[in-house]
Structure formats: structure tokens, C-alpha cells
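The block underneath contains the structure these notes are about, expressed in C-alpha cells.
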Protein chains: 2
Amino acid sequence: MTTPKYLQIAERIRTECGTLHEGAQLPAEQELAAAYRASPMTVRRALDLLQEQGVVTRIPGRGTFVRHGIISKSSALTSFTEDITMRGMTPGTRVLGVDEVTPTSEVSRDLSLGRTELVLQLERLRFADDEPICLEVAHVPQRYAKALGDSALVSLHRGLASIGLAPDSATRRVHAAIVTDRQATLLGVPPGSPTLNIIQVFFDERGRPIQRSNACFRADRYETYSRVRRAENHPPTEETE
Amino acid sequence: MTTPKYLQIAERIRTECGTLHEGAQLPAEQELAAAYRASPMTVRRALDLLQEQGVVTRIPGRGTFVRHGIISKSSALTSFTEDITMRGMTPGTRVLGVDEVTPTSEVSRDLSLGRTELVLQLERLRFADDEPICLEVAHVPQRYAKALGDSALVSLHRGLASIGLAPDSATRRVHAAIVTDRQATLLGVPPGSPTLNIIQVFFDERGRPIQRSNACFRADRYETYSRVRRAENHPPTEETE
DNA sequence: AAGTGGTCTAGACCACGCT
DNA sequence: GCGTGGTCTAGACCACTTG
């Protein structure tokens with residue numbers, strides 16, 4: 001077994017949750033332990049994970065309950081593929097277009113481009129279990145895109161990483177909007193539907209912008225979930241550095 | 001001892017880290033277990049917490065090391081007032097209603113309420129520079145609300161903090177929607193306008209849920225912004241596409 | 001009183017980084 | 001080979017909710 005048992009159990013429970021209705025009660029931890037032939041502590045750890053990811057809620061003295069919000073999760077630097085697989089669904093992608101274009105002023109500013117620099121524009125329709133979820137437009141400075149070749153069509157981040165430009169941090173803006181006609185058609189939602197838009201600018205470890213992404217999600221199938229903590233206050237004594 | 005031992009140990013190790021220099025190696029888990037007179041699993045859980053909070057780094061086969069350099073979690077736990085002030089605007093609030101109500105099943109789950117427990121519901125219209133931008137509905141378990149009195153009307157978070165229930169962490173869900181008729185009227189936007197909805201559940205330092213908030217923002221006047229970093233795991237693993 | 005999750009124990013074995 | 005963290009066991013007791 002290369003993958004830890006608690007992760008295997010978490011996956012099995014996660015898919016199990018997919019077949020249950022919202023608010024359904026899961027078997028008690030001891031029963032789960034017996035069912036999956038593991039010790040209570042191991043099952044507990046799997047449930048800890050699922051709770052952290054918003055898949056279940058646990059109420060002391062009551063039980064453990066299913067909680068499918070919509071999709072989502074994103075507190076760290078996550079990709080669409082990670083987000084979807086983490087919810088037990090199968091991600092898919094259809095490339096709609098690849099072009100060299102003159103960037104808009106907003107793209108140019110976000111990527112710190114020179115005045116004459118072009119960008120590679122990659123437009124993709126994203127799926128979860130064969131249903132369209134997201135229309136994404138990505139931009140990469142042309143000087144990086146050349147080194148990418150066709151690997152960009154497979155996985156943009158992996159392609160960038162292979163040429164020494166692994167994303168290390170990102171800025172993220174989230175806002176709501178109404179679908180455009182084109183978005184409505186591609187996403188298969190009626191006109192007037194709301195969308196959740198996430199604009200990210202990725203930076204490598206040296207702080208250079210390497211990619212911008214404008215992702216438009218169906219609001220009825222996607223939400224973000226994250227856990228935040230109060231500012232970390234303590235290095236109480238000194239921070240001379 | 002009402003507070004769990006692993007939390008006590010985490011606090012002691014945390015303060016211990018404050019007196020050590022960056023990168024200093026902590027004693028092995030077994031030594032820590034002996035020093036704090038706890039079992040290995042309990043110490044492990046304390047270290048899990050500290051690692052998640054960025055206080056220490058653990059490297060398999062090497063050891064556990066102090067890491068008080070970084071901080072700046074993605075988006076910290078902020079209140080509406082802090083948020084608006086930080087954007088250079090002047091916050092304002094109008095209380096629309098205060099009631100004791102039977103919670104919906106969703107509120108009940110999020111706050112881990114007993115089946116018969118009531119909640120204090122506080123509905124507020126929030127302003128930035130005298131313009132309405134957010135309609136917020138907050139819920140507090142009745143057993144806490146009693147100790148609050150009228151201080152809740154001034155500042156909910158400050159009131160909770162004054163009775164020893166300072167928010168320490170929160171879960172945050174963000175999704176998009178279309179205004180209801182009532183929201184449109186209160187926020188002063190036309191029907192069919194998009195909204196950015198943020199549902200937060202606040203927890204005290206012991207992880208007990210103390211408040212839930214459902215905030216509905218005008219999409220034309222509000223977006224979230226955050227900076228995220230790659231997970232601090234090991235350098236070169238995992239995909240980000 | 002019964003059932004649930006929350007905590008805790010006192011060990012075990014493994015994979016890994018080192019020398 | 002040694003020490004480290006990572007996983008896992010098979011129980012135990014407690015606090016809590018519910019009938």
C-alpha cells in the first residue's frame with residue numbers, strides 16, 4: 001500500500017457521500033472502522049480530512065452528516081484539476097482556442113509586460129463529470145510561451161514548471177457577474193444566470209509574473225471554500241530580521 | 001483540565017519556539033512526549049496543529065524545525081469594519097432587526113446546535129461611504145447571546161470577545177447569486193443584479209462554533225482579493241494544473 | 001440509558017535522510 | 001545502522017445529545 005489507508009478511506013467515504021442527500025447521517029465511527037477494517041483512529045483521521053474540506057459536518061453527541069456544498073475548495077494555490085478531483089469528480093478540458101494576441105491593458109499590467117509584448121491566449125472550457133463548469137481564459141507572456149510549445153495544451157502549469165517557471169504564489173480576485181451570451185451558450189445555462197469569476201496572477205519563486213487566468217464559473221455548480229485564521233500575532237519576543 | 005492536552009502542549013511548544021532562532025531543531029517527538037508526559041500520538045497532534053499554522057516545519061527522516069519567518073496567511077480573519085477601512089472608505093451600519101428565532105437546518109448544522117436550541121438573529125445593512133453595499137444576517141447561539149446583551153448591537157465580534165469568545169478562525173464559503181427583491185430594494189440595485197455571497201462560520205480558539213454570518217454584497221461594488229502561496233510541503237511534488 | 005463524537009494511551013512497524 | 005517523522009492499532013474514558 002503506497003497510499004496511506006486513511007486517505008483511501010477518505011476517498012471511499014467521499015464518493016459514498018456523493019450518492020447521499022444533503023444532511024444524511026453517516027454511520028458511527030466505530031461502524032465505519034469495522035466496515036473498512038481499520039482502527040477508530042484511522043477512520044477518525046479520514047473524517048478529519050473530509051471535515052476540513054467541507055465534505056462532512058460532525059456534531060458531538062449527534063453524528064456525522066453529509067454536506068455537499070457545491071464544488072470548490074481553494075485556500076492554497078490550487079488548480080482546477082485538484083479542485084475537482086478533491087470533490088471526487090472527474091475533471092475534463094476542451095481547448096477552444098490558442099492565439100497570439102495583443103494583451104488588453106489589464107492583462108499587460110498584471111503581467112508587467114513591455115509595450116510591444118504579445119501574449120499567448122489559451123481559452124479552455126472546463127468540465128466536471130462531463131458537465132461544463134468553467135470557461136477560462138489564460139494569458140502567458142510570449143517569451144515564455146515559446147519555450148512551452150505544445151505542452152501548454154496538456155497542462156499549462158506543468159509546462160511552465162518544466163521550463164523552470166513553477167508557480168509559487170498568486171494573487172486572486174473573486175467577484176460575481178452575469179453570464180454573457182457566449183458564456184451562457186458554452187456553459188449551458190440560461191441568460192441572466194450568475195457567475196463566480198476568479199482572476200489569478202501567478203508568480204514564480206522570484207516574484208516574476210508568469211501567467212494570468214480569468215476563470216468564469218457557473219454559480220450553481222461552484223463555490224469556494226476556505227479556512228482562515230486570525231493574524232498570527234506571535235513572534236511575540238522579537239523579529240529583528 | 002477542561003482544555004485538551006494536545007492544545008496545552010501546542011501552546012507550550014509555540015511559546016518555546018518564540019525563544020528559539022529560525023530553523024532551530026526541536027526535540028524528537030518521543031522526547032517531547034516524555035517531557036510533557038503525554039503519549040506520542042498526543043504530541044503528534046499538537047505538532048500537526050503548529051505545522052498547519054506555519055509555526056514549525058517537519059521533514060521526514062530529519063526532524064522538526066522552527067519556522068517563525070513567514071506569516072501572512074492568505075486572507076486573514078477580518079471584520080467588515082476592518083475590511084472597509086482598509087480600502088480607504090468609511091464603514092457604516094444600520095441594524096434592521098434583532099430576533100430570537102428557530103434556526104434553519106443549515107444554521108443549526110454550522111453552529112453544532114442541539115435540536116431545540118434557538119439562535120439570536122441579527123440583520124444589518126452595511127455601508128461604505130454612505131452607500132449600501134452589503135446585507136448581512138448573523139446568527140449566534142442563544143446561550144452565548146444572553147451574555148452579550150446590547151453590546152451585540154455595537155460590535156458583534158467585540159461583544160463576543162468580551163465574554164471570552166474571541167473569534168480565532170473561520171470557514172468561508174463564497175458563491176455568486178442573483179439579488180432577491182428584498183435585497184435589491186435594500187441595496188439599491190435593479191432586479192437581476194448579481195451578488196457576491198460570503199458565508200462564514202467563526203470558531204473560538206478551542207474550535208467551538210460561536211457565530212455564523214451570511215453576507216450578501218453588491219457585485220458591482222465589492223470583490224475579494226487575496227494572496228495565496230504554494231503549500232509548504234516538499235519542494236518539487238504535485239501538480240498545479 | 002444508549003449512542004455519538006472528542007480525547008488519549010502505549011505501544012508497533014514502516015519509509016526516509018543521514019553517516 | 002541509527003534516528004527521524006508517518007502511519008496504524010485496539011482498546012479506554014469522557015462529554016454530550018437524545019429518547
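Note that this is a predicted model, so its numbers are computed, not measured.
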Next item on the list: Take Val43(B) and Leu47(A), find for each the nucleotide of DNA chain C with the closest heavy atom, and name the residue whose nucleotide sits nearer the 5' end.
Entry: Leu47(A)
Next item on the list: Test salt bridge (Lys or Arg N to Asp or Glu O under 4.0 Å) on Arg37(B) and Glu31(B) and set out the steps.
Entry: CA-CA 10 Å; Arg37(B) 251 155 288 197; Glu31(B) 296 179 38; over 6 Å; no
Next item on the list: Please answer whether the main-chain N or O of Cys216(B) pairs with a side-chain N or O of Gln183(B) as donor and acceptor at a distance below 3.5 Å.
Entry: no
Next item on the list: Might you work through the salt bridge (Lys or Arg N to Asp or Glu O under 4.0 Å) test for Glu29(A) and Arg58(A), ending with a clear yes or no?
Entry: CA-CA 11 Å; Glu29(A) 296 179 353; Arg58(A) 288 192 282 185; 3.3 Å; yes
Next item on the list: For residues Arg109(B) and Gly23(A), report the shortest heavy-atom separation together with the two atoms involved.
Entry: NH1-CA, 4.3 Å
Next item on the list: Please determine if Glu131(A) and Arg221(A) form a salt bridge, counting it only when a charged side-chain N lies under 4.0 Å from a carboxylate O.
Entry: yes
Note to self: With a 6.0 Å cut-off on the ring centroids, do His175(A) and Tyr222(B) count as close?
What the structure shows: no
Check: Contact class for Arg44(A) vs. all strands (heavy atom < 4.0 Å): base, sugar-phosphate, or nothing?
Finding: base
Note to self: Within residues 28-37 of chain A, which residues have any heavy atom lying less than 4.0 Å from an atom of DNA chain D?
What the structure shows: Arg37(A)
Item checked: 5'-most by nearest nucleotide on DNA chain D - Arg62(A) or Ile59(B) -> Ile59(B)
Notebook entry, point to check: Taking the nucleotide of DNA chain C with the closest heavy atom to each, which residue, Gly61(A) or Arg58(A), is nearer the 5' end?
Noted result: Gly61(A)
Margin query: Has Gln121(B) got a side-chain atom pairing as donor or acceptor with Thr102(B)'s backbone, closer than 3.5 angstrom?
Written below: no
Note to self: Quick check for you: name the first and last nucleotides of DNA chain D, 5' to 3', having an atom under 4.0 Å from a heavy atom of chain A.
What the structure shows: dT7(D) to dT18(D)
Note to self: Ring of Tyr6(B), cation from Arg45(B) - is the NZ or CZ under 6.0 Å from the centre and inside 45° of the axis?
What the structure shows: yes
Next item on the list: For Leu113(B) and for Pro40(A), find the nucleotide of DNA chain D with the closest heavy atom, then tell me which residue's nucleotide is more 5'.
Entry: Pro40(A)
